Amino acid sequence: MKALVIGGDGYCGWATALHLSNQGYEVGILDNLSRRYWDTKLGVDTLTPIAPIQKRLQRWQELTGKTIDLFIGDITDYDFLSKSLRQFEPTTIVHFGEQRSAPYSMIDREHAVFTQVNNVVGTLNILYAMKEDFPDCHLVKLGTMGEYGTPNIDIEEGYIEIEHNGRKDTLPYPKQPGSFYHLSKVHDSHNIHFACKIWGLRATDLNQGIVYGVKTEETAMDELLINRLDYDGVFGTALNRFCIQAAIGHPLTVYGKGGQTRGLLDIRDTVRCMKLAIDNPAEPGQFRVFNQFTELFSVGDLALKVKKAAAKMDLEVKIDNLPNPRVELEEHYFNAKNTKLLDLGLKPHLLDESLLDSLLNFATKYQNRVDKQQILPTVSWHRQQKEEVTSPTNNGTGKNGSIPVSSPEPVAAN
Ligand code: NAD
Ligand code: USQ
């Protein structure tokens, strides 16, 4: 089995690449390192100090004797992608290589366009490269639970049976995404579904929930293998942010009423899900969708859980309900199915068991690296607040002391 992990220098991709390598797969990483560059442009950094990718891979080889091939370049560059695939000859392509922050995609027009071009063109290039040279390869693509939005009915895994005017059909589940980033994932899903239909490609779309935690068996082996942990207002996700806020005594930043409910999973389950999807591939022509999360929580519940766990470390935690910078329902029905990966054998790690060990411990250990200026949200979905909060043309600090962001620039392929 040869798995090429696109986006393998990122949070989910790095943990997955090491896990697959440890499990005996021949692994390659393809990444343009753009995420490190976007952080630099925004003036933000991961809480945990991550080594250059070459050093990470060298350390992995020293520790385990296993080599991971490295392809540095951009999947929107078709020639580079195609050459890399021909050289590596994957049986599975695991695709994490996208701009994945909803706030980043909502900064302004440039960031929205960049996100959609980067994600949609990158995925489309992969589909064409597979059709040309690797039609039997299995594409395991990271989608997101946010593709579905928050409908007032149960969320199925990709498809829903509908009866309309006396006729029945099984159709793709309706999509109501909440940011230009989440929309890019919907566009990807449609393109992949279509390519499977017309070219007989095989693909699994993993609609993943919010990932938390920093530790996997492999990344915990050595300090040089440590994974990234984002806490800033653009790339940091809710639970990871709350734990770091708790560690430095910052009030937890619950947006609005905090009734927004989402699927979540431990990064140790992300890597297991990837292996399960790879080991049980889709059939030729099949576009399969799994909902990849283990538990559902509201943002308010998450804050309370962090407060309770932090108390065991004698950390006093306050919870703030900030004005919501996003346009989203703050109280809603949410009941999503997630049985397909459980049926394949996933044994979930539960949040109550992971909070201290995989999050709060790291948050306190690296708390001196926290830049407090990066905690508050800097990007707003609301049109009327644009000048106040998000405009990259603002000079100096914005509302609440937040720092305005600047536009992305194209990243060189090599
Ligand atoms: P990340 O930003 O840490 O990693 C993404 C990696 O992809 C980075 O290393 C980046 O340099 C690379 N990349 C981006 N565009 C590229 C391009 N055009 N060519 C080559 N490499 C490129 O993100 P992550 O948190 O690891 O997320 C990975 C995937 O999982 C994304 O598709 C995201 O949508 C999905 N996902 C993440 C979460 C989460 O909570 N982190 C939840 C659900 C789904
Ligand atoms: N939120 C807060 N306070 C914060 C940060 C977020 O209340 O400090 C709220 C948001 O308003 C939102 C919820 O928490 O209601 C989730 O926000 P998030 O930033 O944790 O997650 P999201 O923007 O949805 O994006 C993340 C990843 C993305 C992935 C998605 C999975 O960045 O790549 O696709 O989670 S899901 O949410 O299931 O769509």
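This is a predicted model, so every value here is computed, not measured. Whatever order the structure lists ligands and atoms in, that order sets their numbers, starting from 1.
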Problem set entry | With Tyr333 via ring-ring contact (aromatic ring centres under 6.0 Å, His included) - residues at least two apart | none
For this session: Look only at interatomic distance and state if Arg241 has a nitrogen or oxygen under 3.5 Å from any nitrogen or oxygen of ligand 2.
Result: yes
Exercise. What residue and heavy atom of the protein are closest to atom 1 (N) of ligand 2, and at what distance?
Worked result: Tyr255 CD1, 3.5 Å
For this session: Could you tell me the residue and atom name of the protein heavy atom closest to atom 19 (O) of ligand 2, and the distance to it rounded to 0.1 Å?
Result: Arg326 NH2, 3.0 Å
Seminar exercise, completed: Here the atoms of ligand 2 under 4.0 Å from any heavy atom belonging to Val254 are 7 (O)
Seminar exercise, completed: Here the ring-ring contact (aromatic ring centres under 6.0 Å, His included) pairs for residues 221-259, sequence neighbours left out, are Tyr104-Phe235
Using a 3.5 Å cut-off and no angle test, enumerate the donor-acceptor pairs between side-chain atoms of residues 308-318 and protein atoms at least two apart in sequence or in another chain.
none

Problem set entry | Tyr181 N/O to ligand 2 N/O under 3.5 Å | yes
For this session: Could you walk me through whether Glu98 and Lys141 pass the salt bridge (charged side-chain N to carboxylate O under 4.0 Å, His left out) test, one step at a time?
Result: CA-CA 10 Å; Glu98 301 205 318; Lys141 161 72 168 55; 3.5 Å; yes
For this session: Take atom OH of Tyr366 as the centre, draw a 6.0 Å sphere, and report whether it contains more than 12 heavy atoms from other residues, nucleotides or ligands.
Result: yes
Exercise. Got an N/O contact under 3.5 Å between Ala238 and ligand 2?
Worked result: yes
Exercise. If you count only heavy atoms, which residues are under 4.0 Å from ligand 1?
Worked result: Gly7, Asp9, Gly10, Tyr11, Cys12, Asp31, Asn32, Leu33, Ser34, Arg35, Trp38, Gly73, Asp74, Ile75, Phe96, Gly97, Glu98, Arg100, Asn118, Leu142, Gly143, Tyr181, Lys185, Gln208, Gly209, Ile210, Val211, Arg228
Exercise. Any chance the rings of Phe194 and Trp199 have centres within less than 6.0 Å?
Worked result: no
For this session: Indicate whether any N or O donor in one side chain lies under 3.5 Å from an N or O acceptor in the other, for Thr253 and Gln245.
Result: yes
For this session: For Gln99 and Thr115, test the side chains for any donor-to-acceptor distance below 3.5 angstrom and give the result as yes or no.
Result: yes
Problem set entry | Ile226 backbone acceptor or donor facing Arg56 side chain under 3.5 Å | yes
For this session: Using non-hydrogen atoms of the residue, decide whether Lys185 is closer than 4.0 angstrom to ligand 2.
Result: no
